[in-house]
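Worksheet: the structure to be examined is printed underneath.
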Amino acid sequence: IGFWGIDPHKGMAAVRETEHAVRELGMRGIAVDPYLAHIPAHDARYYPLYSKCCELGIPVFITTAPPPQVPGAIMDHSDPRHVDIVARDFPELVVIMSHGGYPFVNEAIFTCLRNANVYMDLSEYERAPMAEAYIQAMNTLIGDKVVFASAHPFIEQADALAVYEKMPLAPDVRQKVMAGNARRILQLS
């Protein structure tokens, strides 16, 4: 299932590109990277894109963890607290926080918990320090709010699947995280 990467600095061209990607290319959502754009997720330059996503009924992946290998990335631009503002301003927008908001683990969990329209994937950070908080939250509070993602090509899908096989998740939570939640969020049969 494809998601189209969008640069908010393109203004209305990015809005038209979003519509083209969905209607002509069959993409199921867009992805934005605040750390690469050097602006937080609640910056006004994103808002026309979020509006278009609401109009098209598609989710937006927002990268909420700056990869350590990206020079010049500012951690604040990836803070899940910015997603909390977006969720408030766009209650119809489905937001998936990519990479679980790491290292802002508690903030990411709480952003998911308090906003009906916010979800997350943990790709790349399932074994990082503090990852046990994600697992505890999945088993108790946000089992309906987490989707599996492998972070391919940075992590091979088989390796990511092996990590999830070893996670101490309740069987019903494992089913939701590995498939059920994504089916529901993406409205797949």
Side-chain angles (χ1 to χ4, degrees), residues 3-11 14 18 29-51 53 59-91 93-138 140-143 145-157 159-160 163-164 167 177 181-182 185:
F3 281 74
W4 195 260
I6 294 288
D7 179 355
H9 296 291
K10 291 180 177 179
T18 297
I30 66 167
V32 296
D33 295 297
Y35 71 93
L36 289 176
H38 300 286
I39 54 175
H42 71 299
D43 187 279
R45 285 169 276 198
Y46 288 109
Y47 278 39
L49 294 167
Y50 298 152
S51 293
C53 288
V60 59
F61 262 84
I62 300 176
T63 301
T64 54
Q69 71 275 18
V70 176
I74 306 292
M75 284 178 50
D76 180 63
H77 293 152
S78 300
D79 193 318
R81 288 176 285 199
H82 303 307
V83 173
D84 189 49
I85 295 168
V86 172
R88 177 204 63 201
D89 291 350
F90 292 90
L93 178 66
V94 173
V95 177
I96 303 166
M97 295 187 300
S98 186
H99 306 300
Y102 196 86
F104 306 103
V105 175
N106 291 326
E107 292 86 347
I109 291 168
F110 197 63
T111 298
C112 270
L113 183 62
R114 64 181 250 107
N115 293 290
N117 58 329
V118 176
Y119 304 85
M120 77 165 96
D121 78 59
L122 307 177
S123 58
E124 293 190 76
Y125 294 96
E126 298 93 345
R127 293 181 285 195
M130 303 180 289
E132 62 277 353
Y134 291 129
I135 295 167
Q136 180 183 8
M138 284 189 281
T140 59
L141 299 170
I142 59 169
K145 307 294 293 271
V146 179
V147 297
F148 169 79
S150 67
H152 182 79
F154 306 106
I155 298 189
E156 290 298 326
Q157 186 169 349
D159 295 336
V163 169
Y164 278 79
M167 274 188 191
V177 169
N181 292 339
I185 293 166

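For the pair Y47 and H42, the minimum side-chain heavy-atom distance is below 4.5 Å. Put simply, the side chain of P40 does not reach to within 4.5 Å of the side chain of R81, judged on heavy atoms. Considering only heavy atoms from C-beta on, I185 comes within 4.5 Å of V147 through its side chain. Between Y46 and I39, some side-chain heavy-atom pair lies under the 4.5 Å cut-off. You'll find the side chain of P8 reaches within 4.5 Å of the side chain of L49, heavy atoms only. The shortest side-chain heavy-atom distance between F104 and T64 does not fall under the 4.5 Å cut-off. In this structure the side chain of P59 reaches within 4.5 angstrom of the side chain of F3, judged on heavy atoms.
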Q | Verdict with reasoning, Y102 to E124, per side chain to side chain contact (heavy atoms under 4.5 Å, CB included) | A | CA-CA 9 Å; Y102 196 86; E124 293 190 76; over 6 Å; no

Q) Can you list the steps and then say if T18 with W4 is a side chain to side chain contact (heavy atoms under 4.5 Å, CB included)? A) CA-CA 7 Å; T18 297; W4 195 260; 6.0 Å; no

Q) Would D33 and H77 satisfy side chain to side chain contact (heavy atoms under 4.5 Å, CB included), going step by step from the backbone distance to the final call? A) CA-CA 9 Å; D33 295 297; H77 293 152; over 6 Å; no

(Q) The test is side chain to side chain contact (heavy atoms under 4.5 Å, CB included); show your working for Y119 and N181 and say whether it passes. (A) CA-CA 9 Å; Y119 304 85; N181 292 339; 5.8 Å; no

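Between A133 and V105 the shortest heavy-atom distance is CB-CG1, 3.8 Å. Heavy atoms only, all atoms of each residue included: Y35 and I74 are closest at CB-O, 4.5 Å. Among all heavy-atom pairs drawn from A65 and H99, the shortest one is CB-CB, 3.5 Å. The two residues D121 and F61 have their closest heavy-atom pair at OD2-CE2, 3.2 Å. Minimum interatomic distance between P103 and M75 (heavy atoms only, all atoms of both residues): CG-CE, 3.4 Å. The two atoms that bring M138 and L122 nearest to each other are CE-CD1, 3.7 Å, heavy atoms only.
Here the straight-line distance linking atom NZ of K145 with atom CG of L113 works out to 7.5 Å at 0.5 Å rounding. Rounding to the nearest 0.5 Å gives a distance of 15.0 Å between CZ of R45 and NZ of K10. Remark: R114 CZ to D84 CG distance equals 4.0 Å, nearest 0.5 Å. Considering CD1 of I62 and CD1 of I30, their distance stands at 8.5 Å, rounded to 0.5 Å. Atom NE2 of residue H9 and atom NE2 of residue H38 lie 7.5 Å apart, to the nearest 0.5 angstrom. From T140, atom OG1 reaches atom CD1 of I135 across 11.5 Å, with rounding to the nearest 0.5 Å.
At least one donor-acceptor pair closer than 3.5 Å links the side chain of Y134 to the backbone N or O of G100.
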